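Contents: one structure, followed by commentary.
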Amino acid sequence: MTTTAPLGAEEQTGSPAAAADVRRRTALGRIRTGNGLVFVLPFLLVFGLFMVWPIVQGLWMSFTDSSLALRDTSFVGFDNYTEAFGDPDVWSSLGNTVFFTLVSSVPLVLVALAMALLVHSGLAGQWVWRLSFFAPYLLPVTVVTMIWTWLYQPELGMANQLLDALGMAPVGWLSDESVAMWSVAALTVWWTVGFNFLLYLAALQSLPTTFDEAAALDGAGAWRRLWSITLPQLRRTTGLVAMLQVLASLKVFDQIYILTKGGPNGSTRPVLEYVYDVGFTGYRLGYASAVSYLFFALIVLVSLVQLRLFRRED
């Protein structure tokens, strides 16, 4: 029969030594918690001042008739939201935003993947390829729009000069309602694809090579290995890139506002530009806040749907 030795005084539960050890650990935990709060407090103050408070203030403003032209403000309940649902300009700008998201997000994912695969394949002059693919992303929006304004210039722009050299008629890249949004999408792809390229390249460089090498030994060609081995392993990265890109495209404002001002005839005006026009040109801050919070709810809904789809795939 096996017996165990009795516990010592320091190891027995409820002993003075154990109680002292518990008090010491509790005191150390409180000290660490206090030290942590000291470091976190500046961030919490800035976050609350510049993020939480504006959100709460904007939500309250959406239930009022607040205006830059009037000093008095009154509570109007859901009148602003009701008006927004019946405003044709809200729906047209939302349609422009969705269309831009579709025509920009798809190439921003596919082109970034193609660029990363090209660099990862081991082309000569790696630093040149990486610099040329990522450099446009470092440019400020004003510089980018200035470059593309020159390219889209009707008479002297390089785009129409190239069409003229090919014997084709010139195009009103920014003046034709059926072409303007595509022109903005092309600018956006050139400008921002470098970020997605880096995400894909980092993912490719972290993939294990054993599966690819085994498939090559079994006689699988390059396309077969890409389709059956590499792309399936990039599923999570593709999901991340697609989600980030859709959210970024939905929030488009800068390049459209500088390049076209929402024209011609409102064909490129996104929701955020409509909010800006209503709030700071029409002085209706309450109504602009209501439209912006409806759009915020749409973005949250899209994010939740994307997360749900990615979880199902996993």
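These numbers come from a predicted model, not from an experiment. Each residue takes its place number in the sequence, starting with 1.
Between the side chains of Gln245 and Asn196, at least one donor N or O sits under 3.5 Å from an acceptor N or O. Inspection of the Thr188 and Ser104 side chains reveals no N or O donor paired with an N or O acceptor under 3.5 Å. Remark: the Thr238 side chain and the Tyr200 side chain contain an N/O donor-acceptor pair separated by less than 3.5 Å. Side-chain contact annotation: Ser178 with Asp176, donor-acceptor N/O pair under 3.5 Å present. Under 3.5 Å, the side chains of Thr73 and Thr64 contain no donor-acceptor pair of N or O atoms.
Taking CG from Asp79 and CZ from Phe63, the interatomic distance works out to 11.0 Å, rounded to the nearest 0.5 Å. Summarising the geometry, atom CD belonging to Gln57 is positioned 10.0 Å from atom CG belonging to Leu59; distances are rounded to the nearest 0.5 Å. For the atom pair CD (Glu273) and CG (Asp254), the distance works out to 10.5 Å, reported to the nearest 0.5 Å. Here the straight-line distance linking atom OG1 of Thr230 with atom CZ of Phe211 works out to 11.5 Å at 0.5 Å rounding. Remark: Ile229 CD1 to Leu231 CG distance equals 10.5 Å, nearest 0.5 Å. We find the CG-CD distance between Leu240 and Gln306 to be 10.5 Å, quoted to the nearest 0.5 Å.
Smallest separation of non-hydrogen atoms from Ser62 and Tyr81: OG-OH, 2.7 Å. Annotation for Leu226 and Pro232: closest pair O-CD, 4.3 Å, computed over non-hydrogen atoms. Nearest approach of Val291 to Ala84, heavy atoms of both residues: CG2-CB, 4.0 Å. The two atoms that bring Gln153 and Glu155 nearest to each other are OE1-N, 2.9 Å, heavy atoms only. Scanning both residues, Leu250 and Phe295, for their nearest heavy atoms gives O-CZ, 3.0 Å. Pro54 approaches Tyr293 most closely through the heavy-atom pair O-OH, 4.1 Å.
Residues Phe100 and Ser249 form a side-chain contact, since some pair of their non-hydrogen atoms from C-beta on lies under 4.5 Å apart. Side-chain contact check for Thr145 versus Val141: some heavy-atom pair is nearer than 4.5 Å. Contact of the Thr260 side chain with the Met181 side chain is not registered, since no non-hydrogen atoms from C-beta on lie closer than 4.5 Å. Residues Gln255 and Ile258 form no side-chain contact, since every pair of their non-hydrogen atoms from C-beta on lies 4.5 Å or further apart. Looking at heavy atoms from C-beta onward, Leu113 lies in side-chain contact with Leu234 at the 4.5 angstrom threshold.
Taking a 6.0 Å sphere around CH2 of Trp190, one finds it holds more than 12 heavy atoms contributed by other residues, nucleotides or ligands. Phe99 CZ: more than 12 foreign heavy atoms inside a 6.0 Å radius.
Cluster annotation: Leu118 and Trp127 are assigned to distinct hydrophobic clusters (Ile/Leu/Val/Met/Phe/Trp/Tyr, side-chain heavy-atom contacts under 4.5 Å, transitive). In the hydrophobic clustering of ILVMFWY residues, with side-chain heavy atoms under 4.5 Å counting as a link, Val90 and Val302 come out together. If you chain together hydrophobic residues whose side chains sit under 4.5 Å apart, Met51 and Leu41 never meet in one group. Leu110 and Leu204 end up in different hydrophobic clusters when Ile, Leu, Val, Met, Phe, Trp and Tyr side chains are linked at under 4.5 Å. Placement of Val103 and Val144 within a single hydrophobic cluster is found when ILVMFWY residues are connected by side-chain heavy-atom separations under 4.5 Å, directly or transitively.
A cation-pi contact, defined as under 6.0 Å to the ring centre and within 45° of the axis, is absent between Lys251 and Phe253.
Judged purely by atom type and a 3.5 angstrom limit, Trp191 uses its side chain to pair as donor or acceptor with the backbone of Leu139. Judged by distance alone, with hydrogens and angles left aside, the side-chain atoms of Thr268 form no donor-acceptor pair with the main-chain N or O of Ala180 at under 3.5 Å. A side-chain donor-acceptor contact under 3.5 Å links Thr97 to the backbone of Val271. Under a 3.5 Å cut-off, the side chain of Asn160 and the backbone N or O of Pro154 do form a donor-acceptor pair. A donor-acceptor contact shorter than 3.5 Å links the side chain of Ser67 to the backbone of Tyr283. A donor-acceptor pair under 3.5 Å links the side-chain atoms of Ser183 to the main chain of Trp173, judged by distance alone. Side chain of Ser105 to main chain of Leu102: no donor-acceptor pair is present (N/O by atom type, distance under 3.5 Å, no hydrogens or angles). A donor-acceptor pair is defined here as one N or O able to donate and one able to accept, closer than 3.5 Å; such a pair exists between the side chain of Ser267 and the backbone of Pro264.
Taking the six-membered ring wherever Trp is involved, the centroid distance between the rings of Phe197 and Phe134 does not fall below 6.0 Å. Aromatic pair Trp53/Phe47: centroids not less than 6.0 angstrom apart.
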Practice prompt. Would you please test Met243 and Leu307 for side chain to side chain contact (heavy atoms under 4.5 Å, CB included) and show each step?
Written response: CA-CA 8 Å; Met243 182 174 66; Leu307 290 175; 3.7 Å; yes
Discussion item. If you apply the rule side chain to side chain contact (heavy atoms under 4.5 Å, CB included), what do you find for Phe195 with Thr192, and how did you get there?
Written reply: CA-CA 6 Å; Phe195 179 75; Thr192 62; 5.9 Å; no
Discussion item. Using the rule given for side-chain hydrogen bond (donor to acceptor under 3.5 Å, both in side chains), can you reason through Tyr287 versus Asp65, listing the C-alpha separation, both sets of side-chain angles and the distance that settles it, and then say yes or no?
Written reply: CA-CA 7 Å; Tyr287 182 64; Asp65 60 353; over 6 Å; no
Worksheet item: Stepwise, does the side chain to side chain contact (heavy atoms under 4.5 Å, CB included) test hold for Val119 with Arg130?
Response: CA-CA 7 Å; Val119 173; Arg130 299 188 188 197; 3.9 Å; yes
Worksheet item: Checking side chain to side chain contact (heavy atoms under 4.5 Å, CB included) for the pair Ile256/Leu272: CA distance, chi angles, key distance, verdict?
Response: CA-CA 10 Å; Ile256 290 181; Leu272 291 184; over 6 Å; no
